[in-house]
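All heavy atoms count here, side chains included; hydrogens, waters and symmetry mates do not. Quick note: residue numbers are just sequence positions, from 1.
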Amino acid sequence: MSFLSRSLDRVAPSPTVSVTQLARELALAGRDIIGLGAGEPDFDTPENIKAAAIAAIHAGKTKYTAPDGIPELKAAICEKFLRENGLSYTPSQVSVSTGGKQILFNAALATLNPGDEVVIPAPYWVSYPDIVKLAGAEPVIVPAGSETGFKITPEALEAAITPRTKWFIFNSPSNPTGAGYSRTELRALTDVLMRHPHVWVMSDDMYEHLAYDGFDFCTPAEVEPGLMDRTLTVNGVSKAYAMTGWRIGYAAGPEELITAMRKVQSQSTTNPCSISQWAAVEALTGPQDFLAERNAAFARRRDLVVSALNDAPHLSCEVPQGAFYVYPSCEAAIGKTSAGGTLIADDETFARALLEEEGVAVVFGAAFGLSPHFRISYATSEDDLQEACRRIHRFCDGLREAT
């Protein structure tokens, strides 16, 4: 009998973390590596937020807090949801965790049982299916390819729902594609969900503020208020405020669910870092003008990368509406041989050969549930992006028919 839990047989290590770690190891070994795998802004945390954290330390705010957030942060979150999304919540309907991933994990553990199903559009963030599996339930994957702009259709959502469906996980703008749903597109999905009152919505809005070309962000409970009593609206400070290492995610939803999530958290990590919570208060209530400046920089990087990839042989790339990822297709490269002698059998071998031969780290599409693609994070300097694109072009230019 194995000492380890059988639950671990249902999941795999995070591919994005694995790629980032491999890139670090190669760099430590002396290789010139450009890492485009991590979903982390290269911008620094704004100074006012860092100052708020330092002030909290000096004020002695270094003790345990309530398990799911200090009152000041919960109040700031309620104000944020009302101000930016038109959603009215009370502090008792808010949960704060050690990152958005813990929010999702707490919700899954608090609600899912063996035999339950969770509808997840693909491409998906790599952790969604594994979180569902660890909770004992079954992910139901619904592909959404480039022909629909990587967005699920109402017909596909309707077909995926069964009497066993408990959650629908929604993410816009998306990781890994950057695809964003318009209000009209989201309304079509919420119309389907209104016909199935047993299905709850987990809306991952982590990239809300990273939107370009006038894209109008919206969230399900905002578009359809009738879903408020069965929607968990998830967000955090990691992406927009460049606070990935501070580890603060939050959500709001029905009080019964939030209470259950608090119970889970009280027996795992207990409270998020007290200092990070005070920093998050400043992030949500302080100046927001830097967001537009950083978004403009991200939009320039997006345009640079999309143009370069579409100019490379054997690749094609859609223009995303938000986040800081692109999800190009490498379908035309499959079956060819690289200059280094690697047969490109799938997107995973494409990504590995690109890393080994040209020193560019990307994440293969199978990790996100839709091949043959790969994900590039353009949350890095324009100089690095330009050099990475030159290397990708050189790699693709060197592909030949297999003999």
Side-chain angles (χ1 to χ4, degrees), residues 41 43 45-46 48-49 52 68-97 99-100 103-104 169-175 178-187 189-190 201-229 231-244 246 248-254 258 276-296 298-299 320-324:
F43 297 115
T45 304
N48 63 303
I49 298 174
D68 61 350
I70 58 176
E72 293 84 353
L73 180 52
K74 287 192 171 190
I77 291 166
C78 290
E79 291 170 9
K80 173 261 181 285
F81 277 128
L82 186 61
R83 178 181 71 245
E84 297 182 349
N85 310 112
L87 300 176
S88 180
Y89 293 108
T90 64
S92 63
Q93 294 176 295
V94 172
S95 178
V96 183
S97 287
I103 286 284
L104 303 176
I169 296 182
F170 178 74
N171 178 216
S172 172
S174 159
N175 175 4
Y181 288 74
S182 69
R183 288 181 181 268
T184 300
E185 291 167 333
L186 184 50
R187 166 63 69 180
L189 297 184
T190 60
V201 184
M202 193 179 297
S203 183
D204 183 348
D205 299 351
M206 195 63 71
Y207 296 91
E208 170 185 4
H209 291 296
L210 299 170
Y212 318 115
D213 304 331
F215 174 74
D216 181 22
F217 170 83
C218 51
T219 193
E222 173 190 4
V223 171
E224 176 49 78
L227 290 173
M228 275 284 286
D229 63 354
T231 296
L232 183 69
T233 303
V234 183
N235 214 312
V237 297
S238 61
K239 309 300 183 180
Y241 299 95
M243 295 175 66
T244 50
W246 298 77
I248 294 292
Y250 59 83
I258 297 300
S276 295
Q277 290 188 66
W278 284 105
V281 171
E282 176 63 22
L284 295 178
T285 61
Q288 306 290 305
D289 53 318
F290 69 94
L291 292 172
E293 180 181 342
R294 292 185 176 186
N295 269 17
F298 278 135
Q321 289 81 35
F324 39 63

**Q** If I take atom CG from residue N175 and atom CE from residue M206, how far apart are they, to the nearest 0.5 angstrom?
**A**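 Going from CG on N175 over to CE on M206, the span is 10.5 Å.
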
**Q** What verdict does the side chain to side chain donor-acceptor pair (under 3.5 Å) test give for T233 and T231, after you've listed the backbone C-alpha separation in whole Å, the side-chain angles of each residue and the deciding distance to 0.1 Å?
**A** CA-CA 6 Å; T233 303; T231 296; 5.8 Å; no

**Q** So which atom in E208 and which in A211 form the shortest heavy-atom distance, rounded to 0.1 Å?
**A**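 Result for this residue pair: O-CB, 4.3 Å.
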
**Q** For the pair E84 and K80, find out whether any cationic side-chain nitrogen is under 4.0 Å from an anionic carboxylate oxygen.
**A**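 Judged by the 4.0 Å cut-off on N to carboxylate O distance, E84 and K80 do form a salt bridge.
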
**Q** Measure the NE2-CZ distance between H209 and R294 for me, rounded to the nearest 0.5 Å.
**A**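 Atom-to-atom, H209:NE2 and R294:CZ are 13.0 Å apart.
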
**Q** S174 side chain to N171 main-chain N or O, any donor-acceptor pair under 3.5 Å?
**A**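 Checked: no pair found.
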
**Q** Side-chain contact, heavy-atom cut-off 4.5 Å: P173 with Y212?
**A**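 The answer is no; the side chains never approach within 4.5 Å.
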
**Q** Which pair of heavy atoms, one from I258 and one from Q93, lies closest together, and at what distance?
**A**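 What the structure gives for the nearest pair is CG1-O, 3.3 Å.
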
**Q** Could you report the tightest heavy-atom contact between A283 and Q288, atom names first, then the distance?
**A**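 Closest approach of A283 to Q288: O-NE2, 2.7 Å.
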
**Q** Do W278 and E72 have side chains that approach each other closer than 4.5 Å (heavy atoms only, starting at C-beta)?
**A**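 Sidechains of E72 and W278: in contact.
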
**Q** Going from CG on L87 to CD1 on I77, what distance comes out if it is rounded to the nearest 0.5 angstrom?
**A**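 Spacing of CG (L87) from CD1 (I77) equals 13.5 Å.
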
**Q** Indicate yes or no for a side-chain donor-acceptor contact from Y241 to the backbone of L291 under 3.5 Å, with no hydrogens or angles considered.
**A**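 Pair absent, no side-chain N/O of Y241 close to backbone of L291.
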
**Q** First locate atom OG1 of T219, then atom CG of D204, and finally report the distance between them rounded to the nearest 0.5 Å.
**A**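 That separation rounds to 9.5 Å.
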
**Q** Supply the atom-to-atom distance Q321 CD to S182 OG, rounded to the nearest 0.5 angstrom.
**A**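 If we round to the nearest 0.5 Å, Q321:CD and S182:OG are 9.0 Å apart.
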
**Q** Hey, are the side chains of F290 and N48 touching, using non-hydrogen atoms and a 4.5 Å cut-off?
**A**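 No, too far: nothing below the 4.5 Å cut-off.
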
**Q** Are any side-chain N or O atoms of T45 and backbone N or O atoms of A242, one a donor and one an acceptor, separated by less than 3.5 Å?
**A**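 At least one qualifying donor-acceptor pair exists.
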
**Q** One pair to check against side chain to side chain contact (heavy atoms under 4.5 Å, CB included): M243 and I248. What are the steps and the verdict?
**A** CA-CA 8 Å; M243 295 175 66; I248 294 292; 5.8 Å; no

**Q** Can you confirm whether L73 sits close enough to L284 that some side-chain heavy atom of one is under 4.5 Å from a side-chain heavy atom of the other?
**A**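 The answer is yes, as the side chains (C-beta and beyond) meet within the 4.5 Å cut-off.
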
**Q** Taking the six-membered ring for Trp and the single ring otherwise, decide whether the centroids of F324 and Y207 are under 6.0 Å apart.
**A**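 When the ring centroids of F324 and Y207 are compared, they turn out to be within the sub-6.0 Å range.
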
**Q** Please report the C-alpha distance between Y181 and F170 in whole Å, then the side-chain angles of each, then the deciding distance to 0.1 Å, and finally whether the ring pair (Phe, Tyr, Trp, His ring centres under 6.0 Å) criterion is met.
**A** CA-CA 10 Å; Y181 288 74; F170 178 74; 4.8 Å; yes

**Q** List the atom of C218, the atom of E222, and the distance in Å for their closest heavy-atom pair.
**A**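 Residues C218 and E222, closest heavy atoms: CA-OE1, 3.5 Å.
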
**Q** Would you call the rings of F81 and Y89 parallel, tilted or perpendicular, taking 30° and 60° as the class edges?
**A**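 Taking Y89 first and then F81, their aromatic rings stand perpendicular (interplane angle over 60°).
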
**Q** If you look at every heavy atom in S203 and P220, which pair is closest and at what distance?
**A**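 Between these two residues, the closest heavy atoms are OG-CD, 3.1 Å.
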
**Q** Decide side chain to side chain contact (heavy atoms under 4.5 Å, CB included) for V237 and I49; before the verdict, give the C-alpha distance in whole Å, the side-chain angles of both, and the deciding distance to 0.1 Å.
**A** CA-CA 11 Å; V237 297; I49 298 174; over 6 Å; no

**Q** Measure the CD-CG distance between Q277 and D68 for me, rounded to the nearest 0.5 Å.
**A**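 Reported to 0.5 Å precision, the distance equals 9.0 Å.
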
**Q** Going through the checks in order, is the side chain to side chain contact (heavy atoms under 4.5 Å, CB included) test met by L210 and N295?
**A** CA-CA 6 Å; L210 299 170; N295 269 17; 3.2 Å; yes

**Q** Measure across F217 and R183 and return the closest heavy-atom pair with its distance rounded to 0.1 Å.
**A**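 For F217 and R183, the tightest heavy-atom pair comes out as O-NH2, 3.7 Å.
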
